[in-house]
Structure formats: structure tokens, C-alpha cells
Amino acid sequence: MTPEVTFVGTATTVLRIGGFTLLTDPNFLHRGQRAYLGRGLWSKRGTDPALTIAELPPLDAVILSHLHGDHFDRVARRELDQALPILTTPQAERKLRRWGFGAAQGLPTWRAYEQHRGDETLRVTALPGQHGPGLLDRALPDVMGSLIDLERGGQRRFRLYVTGDTLRRPQLAEIPARFPDIDAMLIHLGGTRIAGILLTMDARQGADVVELIRPRLTVPIHYDDYPVFRSPLRHFVEEARRRGFAGQVRTVLRGETVPLVP
């Protein structure tokens with residue numbers, strides 16, 4: 001089966017990789033509902049998710065880049081199966097377990113989690129990320145990227161990088177050094193700004209990270225669901241065209257399923 005992604009909205013996707021099905025960053029609030037961003041900050045969603053939790057396929061795990069209300073909301077807290085493994089940061093694990101999600105697993109950077117089915121192995125490795133600039137990052141939730149490897153018969157068949165809500169930072173350079181040959185990347189964009197401060201990659205930073213990671217395919221997500229997202233998708237597409245890698249970018253609409261191979 002060809003690896004594929006269904007885009008639900010924000011950073012929420014359903015990934016089908018080999019015999020495994022994963023959910024990323026579950027945000028199921030509807031248009032007009034507000035997501036809590038911490039420190040007394042809220043943002044009102046401007047779109048509807050393409051699926052409800054009841055409409056999701058059976059899941060093997062959830063990958064949660066960080067614990068913000070536009071990545072794990074009150075709907076997810078209420079309706080997700082609490083027995084599902086949730087792979088996230090150690091900081092988020094502690095809170096999720098207090099909420100009853102007993103299978104949450106906090107992964108320090110470079111630590112991996114594995115599931116096995118027949119001759120297939122799915123491995124999720126926590127990667128570095130930084131949500132805010134300088135000292136401001138300490139006031140924000142810890143964030144991680146994720147590397148998802150599928151092995152079959154002991155041979156790697158597919159490798160996906162999900163950036164999480166990171167900015168372009170020097171520590172990202174270690175990712176391609178440790179994990180070359182990345183087949184596809186789900187990149188969190190949007191250019192989130194609060195009080196004028198950039199908190200997620202805008203078009204220029206996103207293009208820089210594509211040139212750093214050099215995946216065979218890049219699929220942008222997390223770009224227009226909330227008013228704090230200030231860098232629309234078209235800015236990234238234009239930047240990719242200007243830099244000459246537009247042919248390796250595949251855009252996906254909410255509700256659409258696309259393959260994760262070029």
C-alpha cells in the first residue's frame with residue numbers, strides 16, 4: 001500500500017503507512033469555537049475539520065507535537081480512546097496521564113517508539129523542535145518533530161518527517177545528518193504571530209527547512225485555520241517556485257487524501 005495522508009485540518013492528519021494508521025495533532029473544534037493557546041490567549045477557529053472523531057478509521061497511535069489547544073483540544077480530550085498510545089513530549093505526557101490517557105508516552109529527543117505487525121515495524125523517533133524565539137520559548141509548551149520509519153522484512157521502505165510547530169533553528173541541521181533519505185515531509189507552516197512574535201514557520205523559514213532537509217516530497221499543513229496564522233499557503237508555494245523546488249511540493253485540501261510519494 002502506498003503511504004498516504006488525509007488532511008483533516010490545522011495539523012490534524014490521518015496517516016496510512018504500511019499496515020499502520022496514525023492520527024497527528026488532534027484538533028476537532030469547529031468554525032467559531034475557540035482554542036486555548038495558553039497564558040490567557042485564545043484563538044477562534046475559522047474552518048471546520050473534514051472529519052469527526054467518530055468518523056476516524058481504527059487507529060494504532062496518535063502523534064502529538066505539543067500540548068496546545070489547536071493541536072489537542074477539548075473534543076479530543078473528551079472523545080479519543082484513552083487507551084490509544086499518544087507519542088509526545090515528556091512534558092505533555094505528564095498532563096495527558098493526569099487526564100486519563102494512560103498509554104501516553106513521552107519521548108525525549110532522539111528516543112524512539114516501535115510497533116510491530118507481521119513482518120512490518122513502525123518506528124517513531126522524537127526530533128528537535130523549538131516553538132518560540134530565545135527565552136520566550138520557555139513560556140511555551142515543549143515541542144517535538146517526529147520521524148516515522150516503516151520497515152518491512154528488516155528493510156526500510158518509507159521515511160516521513162513531521163516537523164511539529166517548530167521555527168527554523170540550528171538544531172534542525174542534525175536531522176538530515178542522522179536521518180538522510182527522507183521520502184516525505186509534513187511541514188507545519190502558517191507564520192503564527194502573537195504580539196508580533198513569530199511562533200511557527202512562515203513561507204521563508206519553511207522554504208529554508210525544505211532546503212535543509214531535502215525531502216523528495218513536501219506537503220504543507222497548518223496554514224489557515226486560525227487568525228493567528230499570518231502566512232498563507234500561497235506564500236509558501238510562491239517561495240518554493242522562486243527557489244526552484246515547487247515540483248517537489250504537493251498541496252492538500254481539507255478532506256483530501258494524497259499519496260506521500262513523488
Side-chain angles (χ1 to χ4, degrees), residues 2-17 24-25 27 31 43 45-51 63 65 68 70-71 127 129-131 133 143 145-148 158-169 172-173 175-176 181-194 196-262:
T2 300
E4 63 182 26
V5 57
T6 300
F7 184 36
V8 179
T10 318
T12 310
T13 69
V14 177
L15 299 172
R16 297 174 182 85
I17 300 174
T24 66
D25 293 292
N27 180 204
R31 179 181 301 162
S43 189
R45 185 164 185 170
T47 63
D48 286 315
L51 297 171
I63 296 177
S65 66
H68 253 161
D70 60 332
H71 290 256
L127 300 182
Q130 184 176 328
H131 205 337
V143 65
S146 302
L147 190 86
I148 304 169
F158 180 71
R159 173 168 281 172
L160 172 68
Y161 170 35
V162 185
T163 66
D165 273 16
T166 188
L167 296 172
R168 178 198 63 213
R169 283 295 179 263
L172 299 188
I175 296 170
D181 303 322
I182 290 176
D183 295 295
M185 175 167 69
L186 291 183
I187 187 168
H188 291 204
L189 295 172
T192 305
R193 287 187 182 272
I194 296 178
I197 300 170
L198 187 68
L199 300 178
T200 65
M201 290 183 283
D202 58 13
R204 183 173 297 178
Q205 286 204 6
D208 289 345
V209 169
V210 172
E211 291 179 336
L212 172 69
I213 301 296
R214 305 191 74 81
R216 294 181 177 88
L217 179 70
T218 297
V219 179
I221 58 175
H222 190 274
Y223 52 74
D224 71 350
D225 297 272
Y226 290 89
V228 291
F229 297 171
R230 303 297 177 83
S231 180
L233 177 62
R234 62 181 175 81
H235 287 183
F236 176 74
V237 173
E238 290 165 1
E239 188 70 15
R241 186 176 298 114
R242 187 180 70 81
R243 300 197 194 193
F245 62 80
Q248 287 77 53
V249 173
R250 179 172 294 151
T251 58
V252 58
L253 302 176
R254 276 175 294 278
E256 188 177 8
T257 299
V258 298
L260 287 170
V261 294

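Values below: every heavy atom of this structure, side chains too, minus hydrogens, waters and symmetry copies.
Every residue meeting the side-chain hydrogen bond (donor to acceptor under 3.5 Å, both in side chains) condition with His71, not counting sequence neighbours, appears here in chain and number order: Asp25, Asp165, His222. Taking Asp48 as the reference, His30, Arg31 meet the side chain to side chain contact (heavy atoms under 4.5 Å, CB included) condition, with sequence neighbours excluded. Considering only residues two or more places apart in sequence or on other chains, Thr200 meets the side-chain hydrogen bond (donor to acceptor under 3.5 Å, both in side chains) condition with Thr192. Applying the side chain to side chain contact (heavy atoms under 4.5 Å, CB included) test to Arg230 and every residue at least two apart in sequence or in another chain returns Arg193. Residues that satisfy the salt bridge (Lys or Arg N to Asp or Glu O under 4.0 Å) test with Glu4, not counting sequence neighbours, are Arg16. Scanning for side chain to side chain contact (heavy atoms under 4.5 Å, CB included) contacts around Arg168 gives Gln205, Asp208, Val209, with sequence neighbours left out. Qualifying side-chain hydrogen bond (donor to acceptor under 3.5 Å, both in side chains) partners for Thr13, counting only residues two or more places apart in sequence or in other chains: Thr24. Residues satisfying the ring-ring contact (aromatic ring centres under 6.0 Å, His included) test with His131, not counting sequence neighbours, are His66, His68. Listed by chain and residue number, nothing satisfies the salt bridge (Lys or Arg N to Asp or Glu O under 4.0 Å) test with Arg169 (two or more places apart in sequence, or in another chain). Under the side-chain hydrogen bond (donor to acceptor under 3.5 Å, both in side chains) criterion, Asn27 pairs with Thr10, Arg45, Asp73, Tyr226, sequence neighbours left out. Checked against side chain to side chain contact (heavy atoms under 4.5 Å, CB included), Val237 has the following partners two or more places apart in sequence or in another chain: Leu233, Arg241, Thr251.
Between Asp224 and Phe229, the shortest heavy-atom distance links the atoms N-CD1, 3.4 Å. The heavy-atom pair separating Ser43 from Pro227 by the smallest distance is OG-CD, 3.4 Å.
Around the CZ atom of Arg250, the shell of radius 6.0 Å holds more than 12 heavy atoms that belong to other residues, nucleotides or ligands.
The ring pair (Phe, Tyr, Trp, His ring centres under 6.0 Å) contacts involving residues 239-262 comprise nothing, where partners must be two or more places apart or lie in separate chains.
Residue Arg254 forms a side chain to side chain donor-acceptor pair (under 3.5 Å) with just one option from Asp225, Thr6, Thr12, and that option is Asp225. Checked options Leu172, Ile187, Leu199; the residue passing with Thr166 is Leu172 (criterion: side-chain contact (heavy atoms from CB on, under 4.5 Å)).
Salt bridge Arg216/Asp183: present, at least one basic N to carboxylate O contact under 4.0 Å.
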